[in-house]
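Only one structure is covered here, and it is reproduced in the block below.
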Amino acid sequence: MTTLAHLQENVAIILPEHGLREKLARASKENRPLVIKLGFDPTAPDLHLGHAVVLKKLRAFQELGHQVVIIVGNFTAQIGDPTGKNKSRKPLSKEAVMENAATYIRQLSRIIDTGKCRVVFNGEWLDRLTFNEILQLLSKVTVAQLLHRNDFNKRFTENVPIAMHELMYPILQAFDSVEIKADIEMGGTDQLFNCTTGRHLQEAHDLEPQIVMCMPLLRGLDGVEKMSKSLNNIIGLTDTPEDMFGKTMSIPDHLITEYIDLATDFSEDERSALRERLSSGENPMHIKKLIAGNIVRQYHDAGSAEAAEAFFINQFQRKVFEEKTFDMVLIASLGLKDLTVPLLDVCHRLKQDETRSGIRRLIVNGAVTLDNEKRVDPVELVRLKSGMRVKIGKRLFVELV
RNA sequence: GGGCAGGUUCCAGAGUGGCCAAAUGGGGCGGACUGUAAAUCCGCUGUCUACGACUUCAUAGGUUCGAAUCCUAUCCUGCCCA
């Protein structure tokens, strides 16, 4: 595969179409690395496989010696990217920004070489703009252009409020490209508008416009929406091997080919082999196991991948209760006064993220099992003893000790 | 600035004095089935010291035996006019 083909693999949108070839040629002639821009908002950062799609592409550039510039949008975060969801965000404290940036970069380092990245904060230049300069910027973009953007257009036609400052978001993000003289801006396809606005602004500032490269949006566990923390459908880069494996197994079958292409690092041959097996009618579960194993291997290691698969098979596929893996929990650590307590209390101690009402419902609905016997009475008194095995819902297995 | 419409539980969206913790759908959760897939069926979906109590229908007051529903003020949004 040629370098160009490699760089363009899986890319959903590239503008202008042949721009990348020219950029690469120019860079090598001038003997300089290309500046590749990646921006993020320092709101609670939890990177997932969807981000990884973009990051892997970034890594490909990095491996060729190009310069990745990470822009921490500490200024733009105050607005919040109106893409998709439309909630205005609260300003973050400076400490929170720094801390989030640090976690973000720590997670990035799982995929790209952060040691070689330049990290900048866009407050550095955006904070300093005078009103005059802002007006200059605004004069470069028309309302019609902004309304072209899908989410604005949609909200506008549906009479959903759009605050003026939200309209600024793409423009400010675009100005970042001017500031760092980006050669290429990467993002998901949902970033298309923001990125092309970068091109416009660069041209208006007599800079060579950046190439826009948008990666497809990986869909999340629900099989419909893009992977996104707020939709609670992510496979996180920092998930445990078991979770990664299990979550991958739970994706709907129609997502399999998408995951083969975007989430695994199989070779081209291996991929087509998998697709072949899938279309020949093999049980999709087998293919998913291979995908899941591959994913775990990428973010953990081969040993964890094997263990995760074994865990999955035993925990969820085989039906033998006695042989499942139970998390050990000290009875003493539950903070109960007595060893004979209502079932509700025990379960609540074991699953504290749930309200007592929620636990009560779980019990009544038959989600709770004591030593493999269903218990449906929340006030039933149970005598706790070492070795007692409690199962709550599909995933919580606990052995008291 | 004027006129009109509106702000309901995770979302959409009913409800216009008591039968309302609030229809219906979606989502989520749980159970059955299964491949932690899809489809299907059933149940749950404000909180709690739980056959009762408490807090919710933009906010603050008020009328009433009783309000999400009526009145007043305030805040917010959309549309139209200027």
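Every value quoted in this text rests on a predicted model; they were computed, and no experiment measured them. Just so we're on the same page: letters track the sequence lines, and every chain starts at 1.
Pairing for B:C4 goes to B:G78, judged as Watson-Crick or G-U wobble with the two contacts each under 3.5 Å. In this structure, B:A60 and B:U72 make a Watson-Crick or G-U wobble pair, each of the two defining distances being under 3.5 angstrom. Base pairing analysis places B:G30 opposite B:C42; the two distances defining the Watson-Crick or G-U wobble pair are each below 3.5 Å.
Every residue meeting the side-chain contact (heavy atoms from CB on, under 4.5 Å) condition with A:Ala5, not counting sequence neighbours, appears here in chain and number order: A:Met1, A:Thr2. Remark: A:Arg26 engages A:Glu22, A:Glu30, A:Glu208 in a side-chain contact (heavy atoms from CB on, under 4.5 Å) (not counting sequence neighbours). Taking the ring-ring contact (aromatic ring centres under 6.0 Å, His included) definition, one finds that A:Phe321 meets it with A:Phe326, sequence neighbours left out. Residues satisfying the salt bridge (charged side-chain N to carboxylate O under 4.0 Å, His left out) test with A:Glu124, not counting sequence neighbours, are none. Contacts of A:Lys116 classified as side-chain contact (heavy atoms from CB on, under 4.5 Å), with partners at least two apart in sequence or in another chain: A:Gln62, A:Asp113. By the side-chain contact (heavy atoms from CB on, under 4.5 Å) test, A:Arg118 pairs with A:Gln67, A:Val69, A:Val120, A:Ile180, sequence neighbours left out.
Atom CD of A:Glu282 is surrounded by more than 12 heavy atoms from other residues, nucleotides or ligands within 6.0 Å. Counted within 6.0 Å of CG on A:Asp377, heavy atoms from surrounding residues, nucleotides or ligands total more than 12; the atom is thus considered enclosed. Atom CG of A:Asp371 is surrounded by more than 12 heavy atoms from other residues, nucleotides or ligands within 6.0 Å. Within 6.0 Å of NE2 in A:His254 there are more than 12 heavy atoms belonging to other residues, nucleotides or ligands. Heavy atoms of other residues, nucleotides or ligands lying less than 6.0 angstrom from CZ of A:Arg21 number 12 at most.
Note on A:Thr355: a side-chain N or O is less than 4.0 Å away from OP1 or OP2 of B:C48. For A:Arg356, no side-chain nitrogen or oxygen approaches OP1 or OP2 of B:A50 to under 4.0 Å.
An anti base is found at B:C79: its glycosidic angle is more than 90° from 0.
Side chains of A:Asn194 and A:Gln191: a donor on one and an acceptor on the other come within 3.5 Å. For the residue pair A:Gln202/A:Ser177, the side-chain donor-acceptor check at 3.5 Å is not satisfied. Judged by distance alone, the side chains of A:Ser139 and A:Gln136 never bring a donor and an acceptor atom under 3.5 Å apart.
In this structure, the CG atom of A:Asn283 is 12 Å from the P atom of B:A37, given to the nearest Å. As rounded to whole Å, 15 Å separates atom P of B:A37 from atom NZ of A:Lys247. Here the P atom of nucleotide B:U36 and the CG atom of A:Leu255 are 18 Å apart, to the nearest Å.
A:Phe311 has its ring centre no less than 6.0 Å from the ring centre of A:Phe245.
A heavy-atom distance below 4.0 Å to RNA chain B is reached by these residues of residues 359-372 of chain A, ordered by number: A:Arg360, A:Arg361, A:Leu362, A:Asn365, A:Gly366, A:Ala367. Scanning residues 333-352 of chain A for heavy-atom distances under 4.0 Å to RNA chain B yields an empty list.
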Using the 3.5 Å cut-off, write out each protein N or O paired with an N or O of nucleotides 53-58 of chain B and the distance between them.
none

What protein N or O atoms touch nucleotides 77-81 of chain B N or O atoms at under 3.5 angstrom, if any, and at what distances?
{"from": "B:G78", "atom 1": "O2'", "to": "A:Asn159", "atom 2": "ND2", "distance (Å)": "3.3"}

Nucleotides 1-10 of chain B: which of its N/O atoms have a protein N/O under 3.5 Å away?
none

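Remark: the separation of the C1' atoms in B:C11 and B:G17 is 29 Å, to the nearest Å. Rounded to a whole angstrom, the distance from the P atom of B:U16 to that of B:U24 is 16 Å. Rounded to whole Å, the separation between the P atoms of B:A12 and B:A5 comes to 22 Å. Atom P of B:A14 sits at a distance of 9 Å from the matching atom of B:G7, rounded to the whole Å. When the C1' atom is compared between B:G13 and B:G62, the two are found 30 Å apart, to the nearest whole Å. Taking atom P in both B:U36 and B:G30, one finds a spacing of 15 Å when rounded to whole Å. Atom P of B:C10 sits at a distance of 13 Å from the matching atom of B:A23, rounded to the whole Å.
Across all strands shown, A:Gln317 has heavy atoms under 4.0 Å from sugar-phosphate atoms exclusively, and none from any base.
Counting only residues at least two apart or on different chains, the side chain to side chain donor-acceptor pair (under 3.5 Å) pairs with a member in residues 312-334 of chain A are A:Lys289-A:Gln317, A:Asn314-A:Arg318, A:Arg318-A:Glu323.
For a distance-only test at 3.5 Å, the side chain of A:Asp222 fails to qualify as a donor-acceptor partner of the base of B:G27.
Among A:Asn233, A:Thr189, A:Asp190, the single residue meeting the side chain to side chain donor-acceptor pair (under 3.5 Å) criterion with A:Lys226 is A:Asp190.
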